[in-house]
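Quick note: numbers below take in every heavy atom, side chains included, and nothing from hydrogens, waters or symmetry partners. Lettering of chains follows the sequences in order, A, B, ..., and the numbering in each one begins at 1.
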Amino acid sequence: MKIFNSYTNQLEEFKPIHKGKVNMYVCGPTVYNYIHIGNARPVIFFDTVRRYFEHRGYDVTYVSNFTDVDDKIITKAIELEKTEKEITDHFINAFLKDVEKVHSKTDYIQPRVTEYMDHIIDYIQQMLDKEFAYQVEGDVYFRVGKARDYGYLSNQNIDDLKTGARIHINEKKENPLDFTLWKKTEEGITFDAPFGEGRPGWHTECVAMIDDIFGEKIDIHGGGSGLMFPHHENEIAQSLVLNNHTIANYWMHNGLLNIGSGKMSKSEGNVILVKDLEIDPNVFRLFTLSTHYRSPIQFTDEVLETYQTEWEKISRLYKQVFVKLDLGDMLQGSGRIHPDLLSLYHDFLEAMDNDFNTPNAITVLQDLIKLGNQILRQTHDLELLKSVKEVMDEIFSVFALTADVSPMPKKDKQLYRDWQHARQDKEFEKADKLRAELQDKGIL
RNA sequence: GGUCCCGUAGCCAAGUGGCUAAGGCAAUAGACUGCAACUCUGUGAUCACCAGUUCGAAUCUGGUCGGGACCUCCA
């Protein structure tokens, strides 16, 4: 299994730290608003990564945080005349609802910044003690100039960054690249620390959480490519000071989702919220996974319609196969997959093993659909159809696709057989009536 | 101004040095069908452009044009 490691910028064989285990952390949302469809991409992609590792037999510990301390949350709280906690509780619930809406798992570890304040303060103190941080008028900054390998992850060198630094000069900083660890403030919710009252910057939380939860270097750290700099760069800088390692063996970054021509972001105002999305989650997942995770995706109605069509084709076949097997009392899994289908399943694994090449994996699914349709029309071989279903079930479980099927009660089975008989006997009026009934029941 | 990414058929999208450049959608021609729907089969690209490296390039190098990201909160 190969993964593209953003840290080394190359494809690497995946080797877990602990045999059979995967420890992974994905940067979660700052909970001051509903998430948009661009935020859903890492949710869906890393959920797929988790599912695939589990499919491969790994025991996965998946952690993703909630940033529930932030200026934007405070602004929102003041604006709505509520407490920060009311705001963040509301948007955490909303987030989890959206995660479910796109068929992603919510049973992962969800640390919140407010629960980690002691750790964060302790970490900042340690950095001060080691002189990798300094205080100015109650603020605490990280001393980037002293950090080792700063810029390695995002492939930038400090001098270029300095040259490119925009005019936004903070007189308090020794160096414009230094980032805030602690900000002195009296507005909104604040916390007490040895270095004064205020709140933490957002770069320390991930390090503190990962260290507390896992207690060591982890396998995978994921997030959107927009986080690579400065957020992940800053995380690594701190971890090198505190723990002398780069947090994760493999850094994974997903590309952005664009809408129309430009990028979608909260500040651009061209957002589509997940909660307002009115498409089948299966379609949205197919759409999201139809492009390799490191490439950007364009969100357009035309492409969405393509995957709508695609999903109808996939789910239609699944349903037909399911009904055939149900009629033949062959829904129970045999665990034996026919060689022809087994080779397709292996193609699927091969695609996924190659840095989660979901587009190619979807192509395998399409091959499977074609084959299934041929069997359905030509050989009617139930054993083969059973294998088709079983391979589809495997792929569905990794992609979190769900076709709407359930075993038929006896009278529906009879109805189906009656329909077939009516057609054979050329009693078309009767057949059409039965067909309409079956369609009403969602069997056809 | 600095750093970096991308440009494959009408649309989406694999492939990143070597047989005739996967696959899907759309289009079109056919087959199947009692009618619908579905389904299957056939049909399409000198890989933005130019120059170079190489026995050989969509794939590597340089340049041109076009699009985008980051350097500031952002998945």
Please measure how far the [atom1] atom in [N] lies from the corresponding atom in [M], and state the result in whole Å.
{"N": "B:rU3", "M": "B:rG42", "atom1": "C1'", "answer": "50 Å"}
{"N": "B:rA26", "M": "B:rG67", "atom1": "P", "answer": "31 Å"}
{"N": "B:rC70", "M": "B:rG18", "atom1": "C1'", "answer": "37 Å"}
{"N": "B:rU61", "M": "B:rC5", "atom1": "P", "answer": "10 Å"}

Q: With the side chain counted from C-beta on, respond yes when A:Lys275 and A:Lys97 share a heavy-atom pair under 4.5 Å apart, and no when they do not.
A: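 Side chain of A:Lys275 against side chain of A:Lys97, heavy atoms only: no contact under 4.5 Å found.
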Q: Send over the distance from A:Phe299 CZ to B:rC11 P, rounded to a whole Å.
A: 19 Å
When we call it a touch if two heavy atoms are under 4.0 Å apart, what does [X] touch: a base, just sugar-phosphate, or nothing?
{"X": "A:Asp70", "value": "nothing"}
{"X": "A:Arg316", "value": "sugar-phosphate"}
{"X": "A:Phe229", "value": "sugar-phosphate"}
{"X": "A:His231", "value": "nothing"}

Whom does [N] pair with, Watson-Crick or G-U wobble, provided both distances fall under 3.5 Å?
{"N": "B:rU28", "result": "B:rG42"}
{"N": "B:rG1", "result": "B:rC71"}
{"N": "B:rU53", "result": "none"}
{"N": "B:rA13", "result": "none"}
{"N": "B:rG7", "result": "B:rC65"}

Q. Is the Lys NZ or Arg CZ of A:Lys146 less than 6.0 Å from the centre of A:Phe132's six-membered ring, within 45° of the axis?
A. yes
**Q.** Lys/Arg cation over aromatic A:Phe4: A:Arg294, 6.0 Å, 45° cone
**A.**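 Yes, A:Arg294 lies over the aromatic ring of A:Phe4.
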Q. Do the side chain of A:Arg435 and the base of B:rC35 come within less than 3.5 angstrom through a donor-acceptor pair of N or O atoms?
A. yes
**Q.** Salt bridge A:Asp47-A:Arg285, side-chain N to carboxylate O under 4.0 Å
**A.** yes
